[in-house]
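In what follows, a single structure is set out as structure tokens and then discussed.
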Amino acid sequence: MTKRTMDTGAGGLGPTGGEFSLSHPMVGTNGMNGAMMPHDNNNQDAKRIKMEQSGVKIKPSRVIHIRNIPNDVTEAEIIHLGIPFGRVTNVLVLKGKNQAFLEMEEEPSAVSMVNYFTNCVAQLRERSVYVQFSNHTALKTDQTHSNASASAQAALQAAQALAGAGENKAGGPNTVLRVIVEHMVYPVTLDVIFQIFSRVGKVMKIVTFTKNNTFQALIQYPDVITAQAAKLSLDGQNIYNACCTLRIEYSKLSNLNVKYNNDKSRDYTNPSLPTGDPALDMHSNALSIQQSGMLGSPFAAMGLANLAQQFGAAGQLGAAGLAGIGGYPGLGGAAQAQAMAQAAVGRYPGGGGGQGCVLLVSNMSEDQTEPDHLFILFGVYGDVQRVKILFNKKDTALIQMAEPQQALLAINHLDKTKLWGKVIRVMHSKHTTVQLPKDGQPDAGLTKDYANSGLHRFKKPGSKNYQNIYPPSATLHLSNIPSQVEEEDLRKAFQAINLTVQAFKFFPKDRKMALVQLPTVDEAITALVKLHNYQLSETSHLRVSFSKSTI
């Protein structure tokens with residue numbers, strides 16, 4: 001972790017906290033112990049004129065002081081205020097004080113920014129913020145301030161990259177590519193980007209960021225030829241069918257300065273970099289040994305510990321890789337993906353057979369498991385089309401998901417979880433579809449077709465459910481609760497299936513939703529399977545999913 005403090009040459013904020021003291025020429029107070037109140041532009045100009053008349057000289061500085069910021073503002077949003085005026089070199093957000101500091105590389109850039117926002121009030125999340133020079137000349141870095149997070153570093157890297165690339169201008173052929181993902185219906189992560197671009201050649205570094213609600217990435221290759229091959233073969237392609245389109249141009253940067261290995265940035269040439277999270281950094285050495293050079297911490301951070309087992313020594317998806325599941329949907333299937341990769345590097349790494357939409361689930365409870373149970377549980381991670389429990393081996397089932405990436409999610413989250421007291425195993429099947437029984441063929445209700453079910457969570461493109469996919473947890477999220485249903489009614493539903501609710505909480509602003517805490521993850525899985533679609537009234541059925549929260 002690093003800390004940013006203000007450095008005036010004498011050093012530090014001082015006992016009054018620098019910009020928070022009443023001595024600063026531009027800090028407005030309302031006689032309330034220095035508490036800052038919003039001012040309109042005329043009031044701010046009046047204060048400026050009054051101070052100038054009283055002989056207080058406002059000295060320009062590279063450091064800009066921004067007041068009245070929203071509590072939930074991010075470093076990236078603060079940085080975006082400065083990007084049009086020049087290169088941003090540092091940022092400090094003090095959310096408890098509703099203030100921020102922005103350091104520009106050059107003083108004229110800071111002057112331009114302050115002059116511009118003197119004539120029109122800056123807006124952050126529909127809130128007016130006030131921009132002025134700081135009485136500090138630099139933001140100095142040390143090692144203790146929590147604000148110097150990985151997100152702040154990633155935002156700075158992205159801002160510097162954008163400033164280097166010029167305004168809407170791409171560089172010439174270069175080792176660093178700038179990638180924009182358009183029409184992002186499904187989530188795209190740093191690891192998805194790595195899987196795609198490593199098919200062309202060795203990826204050295206990646207920095208991801210979001211600008212104007214668009215996911216973007218900077219990708220560094222070891223040489224111009226590989227970068228050029230990636231641009232030629234992948235520009236304009238879709239990651240998934242009819243969405244998540246890659247737009248690729250050259251960056252003017254020749255090198256990416258990556259400080260953290262996490263889910264926002266990654267230096268594959270330096271796996272020993274910290275994650276920026278002390279709790280994860282404590283375990284980084286053990287993880288890197290267990291995973292043969294793969295970076296463990298980003299997956300631990302996302303709760304995907306068992307995803308690590310599917311990666312090879314090079315950090316690429318092996319048998320469960322996107323290329324192995326029939327090619328990237330939208331890139332024209334396995335044949336086209338293979339042809340593209342071979343054209344670029346003469347080989348196609350990581351390709352496996354039979355990794356598609358069908359899953360093989362084994363070690364189930366023969367007596368208790370029903371197709372509906374599997375439909376509901378696996379439906380948390382994708383739209384289940386068909387389920388077949390094998391007639392002669394009832395501890396095993398085939399489950400067909402709507403899309404390959406949903407099958408991969410189900411493997412990541414459900415392999416080695418407990419259902420009805422047994423640890424189930426989930427893997428890809430060699431089958432490409434689940435066959436329905438022929439007319440007259442005995443099946444005993446072990447095969448079911450759910451293609452037209454109304455309970456699919458992901459049928460609607462861009463569904464918010466994609467943003468709320470979490471591993472099984474002891475806390476459940478309940479939704480679609482009618483207004484007349486009370487906490488006691490819901491507790492009784494859990495008691496009826498012999499489960500004890502440890503804690504319960506309605507959402508304060510939306511009583512249609514609630515959180516329920518159960519003693520164990522295994523009991524939460526049981527509750528989800530039995531109570532999802534539980535009838536609460538004539539027209540309402542309960543919706544249940546796993547939550548990342550605790551009560």
Side-chain angles (χ1 to χ4, degrees), residues 71-72 74 95 146 149-151 154 184 186-192 208 210 215 260 262-264 275-283 287 295-308 376-383 405-406 408-419 426 457-458 460 462-481 487 490 494 499 501-532 542-551:
N71 288 327
D72 54 351
T74 64
K95 294 182 180 179
S146 62
S149 62
S151 62
M184 198 169 81
Y186 300 118
V188 175
T189 64
L190 181 147
D191 293 296
V192 169
T208 65
T210 300
F215 180 88
Y260 297 105
N262 53 32
D263 60 340
K264 301 293 183 187
T275 65
D277 185 332
L280 294 174
D281 288 336
M282 285 174 61
H283 304 290
L287 284 167
L295 299 176
S297 50
F299 302 106
M302 293 185 289
L304 302 178
N306 56 359
L307 182 64
I376 290 170
L377 179 57
F378 282 76
V380 173
Y381 302 107
D383 293 335
Q405 63 267 28
Q406 295 176 357
L408 186 60
L409 273 174
I411 292 173
N412 294 339
H413 292 303
L414 295 177
D415 184 38
K416 297 182 182 177
T417 56
K418 270 191 180 181
L419 178 62
V426 185
R457 299 175 189 251
F458 307 101
K460 184 180 177 183
S463 167
K464 287 186 178 179
N465 290 332
Y466 279 108
Q467 301 166 23
N468 295 295
I469 296 175
Y470 303 112
S473 62
T475 307
L476 295 174
H477 178 272
L478 310 183
S479 59
N480 205 39
I481 304 170
E487 177 181 337
L490 292 166
F494 283 85
L499 293 177
V501 173
Q502 285 191 330
F504 181 97
K505 183 176 75 174
F506 276 113
F507 278 53
K509 295 182 180 179
D510 189 351
R511 208 178 167 283
K512 292 180 180 179
M513 297 189 290
L515 293 177
V516 172
Q517 185 86 32
L518 293 168
T520 66
V521 174
D522 298 348
E523 290 173 88
I525 291 174
T526 299
L528 183 141
V529 168
K530 289 190 173 184
L531 294 179
H532 183 65
L542 186 65
R543 297 289 180 260
V544 186
S545 57
F546 298 116
S547 173
K548 65 176 179 179
S549 306
T550 54
I551 304 176

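Keep in mind the model is a prediction, meaning the values are calculated, not measured. Positions are given from 1, in the same order as the sequence printed here.
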Query raised in the report: For the atom pair CG (Leu419) and OG1 (Thr526), what is the distance rounded to the nearest 0.5 Å?
Result: 7.0 Å
Report task. With sequence neighbours left out, write down each residue that passes salt bridge (Lys or Arg N to Asp or Glu O under 4.0 Å) with Asp72, or none if nothing qualifies. Result -> Arg125
Report summary line: In this structure, CZ of Phe378 is separated from CG of Leu409 (nearest 0.5 Å) by 12.0 Å
Query - Worked verdict on Phe507 versus Ile481 for side chain to side chain contact (heavy atoms under 4.5 Å, CB included) - result: CA-CA 11 Å; Phe507 278 53; Ile481 304 170; over 6 Å; no
**Report entry** Minimum heavy-atom distance between Tyr381 and Tyr470, given as atom pair plus value
**Finding:** OH-O, 2.7 Å
Query raised in the report: Which pair of heavy atoms, one from Val521 and one from Ala474, lies closest together, and at what distance?
Result: CG2-N, 3.8 Å
Query raised in the report: What is the distance from atom OG1 of Thr475 to atom CG of Leu515, rounded to the nearest 0.5 Å?
Result: 7.0 Å
Report summary line: Between Ala503 and Ile551 the two heavy atoms that sit nearest each other are O-CD1, 3.6 Å
Query - Pair Lys418-Ile525, side chain to side chain contact (heavy atoms under 4.5 Å, CB included): steps then yes or no - result: CA-CA 8 Å; Lys418 270 191 180 181; Ile525 291 174; 5.6 Å; no
Query raised in the report: Could you give the distance from CG (Leu478) to CG (Leu531), rounded to the nearest 0.5 Å?
Result: 8.5 Å
Report summary line: Rounded to the nearest 0.5 Å, the CG atom of Leu476 sits from the CZ atom of Phe504 at a distance of 11.5 Å
Query raised in the report: Going through the checks in order, is the side chain to side chain contact (heavy atoms under 4.5 Å, CB included) test met by Val516 and Leu490?
Result: CA-CA 9 Å; Val516 172; Leu490 292 166; 6.0 Å; no
Requested in this report: Spell out, as yes or no, whether a donor-acceptor pair under 3.5 Å connects the side chain of Asn480 to the backbone of Lys512.
Outcome: no
Report task. Quick one: pull up CG in Leu190 and CG in Asn262 and give me the separation to the nearest 0.5 Å. Result -> 8.0 Å
Report task. Begin from the C-alpha positions of His413 and Ile469 and carry the test side chain to side chain contact (heavy atoms under 4.5 Å, CB included) through to its verdict. Result -> CA-CA 10 Å; His413 292 303; Ile469 296 175; 4.2 Å; yes
Query raised in the report: Quick one: side chain to side chain contact (heavy atoms under 4.5 Å, CB included) partners of Pro519, sequence neighbours excluded?
Result: Gln502, Glu523
Throw together a table of side-chain donor-acceptor distances under 3.5 angstrom for residues 542-549, partners on residues two or more places apart or in other chains.
residue : atom : partner : partner atom : Å
Arg543  : NH1  : Asn533  : OD1          : 3.1
Ser547  : OG   : Ser549  : N            : 2.9

